[in-house]
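Here is the structure we will look at, set down as structure tokens.
Both ligands and their constituent atoms are indexed starting at 1 by order of listing. It should be emphasised that the depicted structure is a prediction, and the values quoted were computed from it without experimental measurement.
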Amino acid sequence: MPETTSSPPPSALPPLAKGTLYLVATPIGNLEDITLRAIRTLRECDLVAAEDTRRSGQLLRHLGISKRMISCFAHNERRRADEVVSLLRTGGIVALVSDAGTPGISDPGERLARCVLEAGFRVESVPGPCALVSALTASGLPTGEFHFIGFLPTKSGQRSRRLGEILRLPGTLVIYESPYRVEKLLVELASLVPQRAVVMARELTKRHEEYLRGTAETLLQVWKERPRKGEFVVMIAPALEGDKEMECTSAPETELASPESEESVIADGE
Ligand code: SAM
């Protein structure tokens with residue numbers, strides 16, 4: 001028999017497991033990033049629970065899939081969990097998708113998964129795109145130990161307390177930040193950790209994907225010359241031994257000196 005590299009015919013694949021909640025990762029920009037398994041799960045499940053049914057409906061249409069959908073977002077996740085568990089009890093198969101990326105990562109999914117497990121049913125992950133993993137692995141920063149922070153609080157007191165906590169952690173820090181607060185975050189970092197390398201990953205997997213590398217101060221200069229739009233992951237290198245950093249307990253203080261030698265900003269993908 002000649003060797004073949006094509007995927008096995010659908011009949012050779014194990015069927016989806018009854019009474020299971022599948023957490024299905026979907027593209028974060030580039031539609032080619034959907035996996036074969038994600039497509040099959042969406043095609044063969046009984047119900048798709050979606051953060052936004054209109055948005056996921058477009059993805060399903062693009063894939064040529066027509067499926068019953070319900071919404072599942074932060075404010076109805078608990079109630080939806082009861083409905084999902086009822087369906088699983090009858091042997092139903094449910095796929096959860098978020099607007100983009102991996103459900104449960106700064107998106108609905110955690111609570112639903114917990115409720116399903118507590119009710120004694122299976123939860124399976126159908127892995128795929130996740131902004132955190134894409135950004136970190138291409139950042140050039142240490143990947144051996146990292147801390148995923150998700151979104152920082154927006155209220156200033158909570159935010160500066162949280163920054164104080166996380167900047168003491170070892171390993172690379174990975175933060176999801178709104179485009180409206182990226183500049184604010186750079187100002188905070190330039191003051192709190194002026195010597196650390198910072199990488200901003202923007203518009204991952206999309207046409208204008210780029211990585212901006214430098215210190216917070218140099219990135220701030222670049223930002224002021226040309227503010228960017230789109231989605232961002234901001235990563236902060238671990239502190240190097242001997243780095244002098246301010247006690248990260250309070251809001252940024254402007255009198256702090258900028259780094260002695262300013263690293264130039266390296267922008268990929270421009
Ligand atoms: N569940 C998603 C995941 O697996 O990454 C994250 C959803 S969270 C609501 C959205 C945030 O993820 C954005 O504000 C941004 O920080 C980050 N993000 C999502 N897509 C991105 C992209 N294409 N490029 C850069 N950051 C992205």
Side-chain angles (χ1 to χ4, degrees), residues 21-35 37-38 41-42 48-56 58-59 71-77 95-113 123-141 143 146-154 159 162-163 166 172-186 188-189 198-213 216 219 222-223 227-236 267-270:
L21 169 68
Y22 288 88
L23 307 177
V24 180
T26 55
I28 58 171
N30 188 330
L31 290 178
E32 283 185 320
D33 291 338
I34 188 96
T35 68
R37 187 162 165 237
T41 306
L42 293 170
V48 173
E51 184 181 7
D52 178 341
T53 50
R54 267 192 314 182
R55 193 166 166 157
S56 299
Q58 285 171 0
L59 176 68
S71 66
C72 180
F73 47 85
H75 299 295
N76 73 356
E77 198 176 346
L96 174 71
V97 292
S98 65
D99 286 356
T102 300
I105 300 298
S106 295
D107 266 341
E110 175 188 324
R111 189 182 288 178
L112 183 60
V123 177
E124 251 185 61
S125 169
V126 180
C130 182
L132 127 80
V133 175
S134 300
L136 176 67
T137 49
S139 69
L141 297 177
T143 57
F146 66 89
H147 295 267
F148 174 57
I149 310 301
F151 290 100
L152 289 167
T154 53
R159 187 176 170 95
R162 182 76 178 127
L163 272 169
I166 65 170
T172 300
L173 303 175
V174 186
I175 299 174
Y176 284 171
E177 189 54 284
S178 141
Y180 306 108
R181 278 185 292 275
V182 165
E183 185 175 349
K184 178 177 165 64
L185 180 59
L186 290 176
E188 291 162 330
L189 296 178
V198 174
V199 179
M200 293 163 69
R202 171 179 167 258
E203 293 287 86
L204 291 165
T205 78
K206 303 181 196 176
R207 184 184 299 273
H208 298 294
E209 169 172 314
E210 68 176 345
Y211 288 83
L212 297 162
R213 300 179 171 88
L219 290 173
V222 167
W223 185 273
R228 266 81 165 167
K229 293 193 174 120
E231 299 194 276
F232 291 87
V233 180
V234 179
M235 291 155 289
I236 305 159
D268 296 347
E270 283 205 286

### Closest contact, heavy atoms only, Phe151 versus Ser106
CE1-CB, 3.9 Å
### Task
Would you mind running through ligand 1 and noting each atom that sits below 4.0 Å from a heavy atom of Ser106?
7 (C), 8 (S), 9 (C)
### Query
Can we say Glu188 and Arg162 salt-bridge, meaning some charged N sits less than 4.0 Å from an Asp/Glu carboxylate O?
no
### Message
Quick one, Leu185 with Leu163, criterion side chain to side chain contact (heavy atoms under 4.5 Å, CB included). Give me CA distance, side-chain angles, the key distance, then yes/no.
### Response
CA-CA 10 Å; Leu185 180 59; Leu163 272 169; 4.3 Å; yes
### Query
So is Thr205 polar-close to ligand 1, meaning N/O to N/O under 3.5 Å?
no
### Residue portion contacting ligand 1 (non-hydrogen atoms closer than 4.0 Å) for Phe232
backbone
### Query
At what distance, to the nearest 0.5 angstrom, does SG of Cys130 lie from CG of Asp33?
12.0 Å
### Task
Using a strict cut-off of 4.0 Å, indicate which atoms of ligand 1 neighbour a heavy atom of Lys206.
23 (N)
### Message
With respect to Ile28, determine whether any N or O atom, backbone or side chain, lies less than 3.5 Å from an N or O atom of ligand 1.
### Response
yes
### Task
Look up atom CG in Leu141 and atom CD1 in Ile236, then write down how far apart they are to the nearest 0.5 Å.
9.5 Å
### Under-4.0 Å heavy-atom contact with ligand 1, by part of Asp107 that carries it
side chain
### Message
One residue to check: Glu203. Relative to ligand 1, which of side chain, backbone, both or neither has a non-hydrogen atom less than 4.0 Å away?
### Response
backbone
### Query
Is there a donor-acceptor pair closer than 3.5 Å between any side-chain N or O of Glu210 and the backbone N or O of Arg202?
no
### Task
Report yes or no: does Ala100 have a heavy atom closer than 4.0 Å to ligand 1?
yes
#### Entry: Numbered atoms of ligand 1 (with element) below 4.0 Å of Ile105, judged on heavy atoms
1 (N), 2 (C), 6 (C), 7 (C)
### Task
Measure from the side-chain N and O atoms of Thr205 to the backbone N and O of Asn30, and report whether any donor-acceptor pair falls under 3.5 Å.
yes
#### Entry: Donor-acceptor contact present, side-chain Arg159 to main-chain Pro153, <3.5 Å
yes
#### Entry: Shortest protein heavy-atom distance from atom 18 (N) of ligand 1, along with the residue and atom involved
Ala131 CB, 3.5 Å
### Task
Output yes when the distance from some N or O of ligand 1 to some N or O of Leu204 is under 3.5 Å, and no in every other case.
yes
### Atom indices of ligand 1 within 4.0 angstrom of Cys130 heavy atoms, with elements
4 (O), 5 (O)
### Closest protein heavy atom to atom 20 (N) of ligand 1, given as residue, atom name and distance to 0.1 Å
Glu231 OE1, 3.4 Å
### Query
Would you say the side-chain atoms of Glu51 pair up with the backbone N or O of Ser71, donor to acceptor, closer than 3.5 Å?
no
